[in-house]
Amino acid sequence: MAVKSKTPYTLQRRKVVQRILEDRGDAAVVTGIGNAVHDVASANDDPKNMYLAGIMGGAAMVAFGVALAQPKRRILVITGDGELLAGIGSLATIGVEQPKNLSIIVIDNQAYGATGNQHTHTGRGVDLVGIAAASGFKKTALITTEAELEAELPRIHNQPGPYFAVVKVVSKTSPRINAPKDGTYVSRRFRAAVTGESA
Amino acid sequence: MATKKKTDWSKDVFKVLKKADVQQIAYVPDAGHTSLIKMAIADNAIKPVSLTSEQEGVAVLAGAWLGGEAGALLMQSSGVGNVINMLGMANECRFPLLMLVTMRGEWGEFNPWQVPMGQATESVLEASGVIVHRVDEPSEIAETVEAAAKLAFEGGRMVAVLIGQRVVGFKDWTK
Amino acid sequence: MAARRKITLDRRKVVGQLLKDRGDLLLVTGLGAPTWDAAAVGDHPNNFYLWGGMGGAVLTGLGLALAQPKRRVLVMTGDGEMLMGVGGLATVAVQKPSNLAICIIDNQRYGETGMQETHTAHGVDLPAMAAGAGFQTALTVYTAKELSAAIPVLHSQPGPVFIDIKVTDSPQSMTLPPRDGPTLKHRFRENLLGQI
Amino acid sequence: MVSKKSKSWHWSQDVHQLFKKIGIKQIAYVPDGGLARLIERVQADKSMRSVVLTTEEEGVAQMAGAWLGGQRGVLLTQSGGVGNCINMLSMMQECRIPLLSLVSMRGEWGEQYPWQVPMGQSTIPALEAAKVIVHHVDQAEKVPETVEAAAKLAFDANRAVAVVLSQRIAGSGGQG
C-alpha cells in the first residue's frame, strides 16, 4: 500500500528539522531510525546528536534516560511515526514520570519511508497527539503549517515538558546524507559533549 | 539488486501461502517483503494485518489458529528480537506458527547497527524452540516456504524461514 | 486525563454481570486476575485463557475476530497487561473488526507481582489512548449504572469497542481454570470448529 | 557472611547498599515478585530515580540514555521480560554501552505454571545469543558479590551483563 504523493500537507521534513534545530541552543538531540537520522545530520552534525540508526521504538526512552541524567539541558527527540508506534507504550511511561526537559517531535509522513513507503497507522486514523495527551503529556501540538511551527518553537525549546508534537510533512523521500553511523563513535562523542567527561 | 528476481520469488511464495490456505498475513513492513505484502493486500481472500511491533503478530496468529484460520508473519530479522517472549505462548500451546524473515545485518550490510541482531537471529530463534530453515538461493525459497508451512500447520510447530540478505539485496546508503 | 472519581465496583461481580448472558460469545482473557475472574464465574469451552504472553490478549482477540467474523469476540484483560501491548490498539483500530470488544478490568495495579501501581493509577487514560488510536467507542465505567449501559455495548454494538471498567483492588479468591496450553487450545477449537 | 545467615537478612539490603556505593541513579523495572523487596528499597531511596515501565525494552533504551547522559542505571526484570528486550539489546552491543540488569527467573526451579517454562528455559540462551554476559546465581548469600562483579564488568569494562537470579532464591513468585 504505497502512499501517493497527494497528501494535504506541504511542509518539507528537512526544512522543518533544520528550522527546529536552528534554535536548539545547547539542547541534545536523539533521533529515531531512518529519515530522522538524515534530517538531523543534514541540519548540522553536532556532537550532541545521538543517531539511533538501527533501532525501532527506542528513541523516546533513550532520550528520557538522558533527560533524567541531564535535568538542566533540553533533550529533543526527532523521530518518525513508524518508529514511535513501535514503542508507543513509552509515552505512558514518560507521561507518568513528567520529565520537564524532554520534547518529542514526530516527523509524520504517514509512511514507512525506509522500506517502500507503506502506510503507517497514522495515515489510517491513528492520532498520535491524542495518544500522547491520553498518556499524560500536558503540552501537545499538531503542526501542519509554517506559521504553526513558528508558534510552537518556543514551546519545543523552553516550555516545561514533557512536550509532544506531530509535524505533518509531505511523504516525498529526501536524499540520504553521510551521517556518522558507527555507534561506539556517536555514543562516546555524545556522552563527552553533554557530560564534559570522557567515557 | 535484481528487482525482477525479487518479484519472481515473492510470486511463488504467495502461491505457496495460498495453497497452504493462509488467510491472515501479519507484517511489519520491510523492503524485502514489499511485493509479498502488496499481493496480500490485493487478494480479497487474505486479511492483511499491519502491526506496530512484531510481537503483536505472534498473538494475532494464535488467535487466527484458535478461530480456524492459518496465517503467516512477515518481518525483518530485527523484529525477531521483539517476539521472543510472545513465542513462549506459541510454544506452550503448541500453536502452529509460520514466520518469513528477511535477513539484515549480514551479506553486504551497510548499516552497522543491524549487525548484532542479524547475527543473533538464528540462535535466538533456536533458543526459543523455533525450527529454522535458512535459504540463500532465490530458486529455493518457494519450496522452503512450502516445506515450512507443512511443518507449521500439519506438524504443529513454530517454523521460521530466514531469507538471506544475499537474496533480498542490500540497500545503498546513498539512496 | 480522566477525572478522578471514586472507585467502588467489585471485579468479580462486574465479570459475573458481563458474562451472565454471554450467548455464543468467544472470550479471550489476559493473564492474571481476569483469568481467575472468568474461571470463578464459570469455566466455559468458549474461553481461551492466556496464562502467559503478557501484552498479547488484545491481538489474540483480533486474530480470532478476523477468523470468525460472525461471532462476537470479547477480550477481557487487566490494565498492566494492556499497557504492555498498547500499540496493539492502533493495529486493531486500523483493522476495524466490527465483532471485537475489549474490556479492561482496571484495578490500577499489577496484581500478580504484589499489587504495585500501574500507569493508570498515575493519569494514563486507556480509553483516551484507544480513542487516539482510532476507536470510535471508548468509555470509562465507574458506577453500576454505567456498567449496565456498557454491557450491551460490549456484547452487540458494532466494534471495535473499548471499555475500561474501574474496579477496586480488594483481594479475591483464586479460582484457577485449566492451565495446560494444548488442552485449552484443543478444547476451544473443538467446540468452535469441531476439530482440533 | 555470618550476619547474612541471620534470619532477618535479605540479599536486597546488600544489593541496595551496593547500588548506592557505585552511584546508581536510575532504576527501571516492570514489577516482579522475585525482585519486590529490592524494588521497595530503591523506591524509598531518594538518591535514585525509579521508573516503572510498560514493557522491559523501554528500560534497555532508558539505560542507554542514562549512560549517554552520564549516569549509571540498573534494569530489573523477570525472565519473561528478557524476551521483550532482545532487539533493543543490539543497541547496547553495537554502541558498546554498559548495561547492568538483574533478572529474576521463572520457569525453572520448582515452577508450578507451565506457561512460564518455555521463556524461562530460553532466557539464558537468548541473552547469550544477544551477546549479554550472564552470571547465574542460585544462592541468596552469593547475590551481592555477583552483582558487584557484574557492575564492574558493566560499568568499568563497558559490557552488557545480566545477573540471573535463580527461582530457587525467590521462590515460585506469583500465580501468573
Side-chain angles (χ1 to χ4, degrees), chain B residues 21-29 37 40-41 43-73 75 79 82-98 128-129 153-158, chain C residues 26-28 30-31 46-71 73 75 77 81 84-97 99-100 133 179-196:
Chain B
D21 209 18
V22 162
Q23 284 168 281
Q24 297 191 22
I25 293 189
Y27 62 93
V28 172
I37 293 170
I41 290 169
D43 189 313
N44 288 334
I46 287 186
K47 295 147 204 164
V49 182
S50 156
L51 312 164
T52 67
S53 166
E54 292 81 358
Q55 59 162 335
E56 295 174 2
V58 177
V60 167
L61 297 187
W65 186 250
L66 285 172
E69 287 189 345
L73 173 56
M75 63 181 150
N82 295 332
V83 302
I84 302 304
N85 191 21
M86 206 61 82
L87 289 177
M89 164 166 65
N91 191 345
E92 183 56 20
C93 296
R94 202 124 71 68
F95 284 123
L97 179 62
L98 176 61
S128 309
F153 303 125
E154 309 292 332
R157 287 297 187 277
M158 305 186 287
Chain C
L26 302 175
L27 178 68
V28 175
L31 83 171
N46 282 344
N47 292 357
F48 186 76
Y49 310 109
L50 291 176
W51 280 77
M54 189 164 175
V58 163
L59 282 303
T60 302
L62 173 65
L64 179 58
L66 292 177
Q68 291 288 328
K70 292 189 179 142
R71 297 287 286 269
V73 175
V75 173
T77 189
E81 203 274 346
M84 191 167 278
V86 78
L89 292 178
T91 299
V92 169
V94 167
Q95 292 293 326
K96 301 188 173 55
N99 57 332
L100 180 64
R179 59 176 173 244
D180 181 61
T183 303
L184 289 166
K185 173 188 68 171
H186 295 158
R187 184 179 77 158
F188 187 93
R189 277 174 55 94
E190 192 162 28
N191 192 56
L192 176 65
L193 308 164
Q195 61 177 58
I196 57 173

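Below, each value reflects all heavy atoms present in this structure, side chains not excepted, and no hydrogens, waters or symmetry copies. Chain naming here is simple, since letters A, B, ... match the order of the sequence lines and numbering starts at 1 in each.
- Side-chain contact between Leu62(C) and Leu59(C) is present, with at least one heavy-atom pair separated by less than 4.5 Å.
- In the displayed structure, Arg94(B) atom CZ is contacted under 6.0 Å by at most 12 heavy atoms of other residues, nucleotides or ligands.
- For chain B, the nearby part of Leu50(C) is the side chain; its heavy atoms alone come within less than 4.5 Å.
- Here the side chains of Gln55(B) and Asn85(B) are not in contact, with every heavy-atom distance at 4.5 Å or above.
- Considering only residues two or more places apart in sequence or on other chains, Pro48(B) meets the side chain to side chain contact (heavy atoms under 4.5 Å, CB included) condition with Tyr27(B), Ile41(B).
- Residue with the most contacts toward chain C among Ala90(B), Ala64(B), Gly156(B), Ala62(B): Ala64(B) (heavy-atom pairs, distance under 4.5 Å).
- Residue contact with chain B, scored on non-hydrogen atoms closer than 4.5 Å, involves the backbone and the side chain of Leu66(C) alike.
- Pairs passing the salt bridge (Lys or Arg N to Asp or Glu O under 4.0 Å) check and including a residue from residues 44-60 of chain B, sequence neighbours excluded, read Lys47(B)-Glu69(B).
- Both the backbone and the side chain of Leu66(B) come within less than 4.5 Å of a heavy atom of chain C.
- In terms of heavy-atom pairs under 4.5 angstrom with chain C, the leader among Met89(B), Gln23(B), Met86(B), Glu92(B) is Met86(B).
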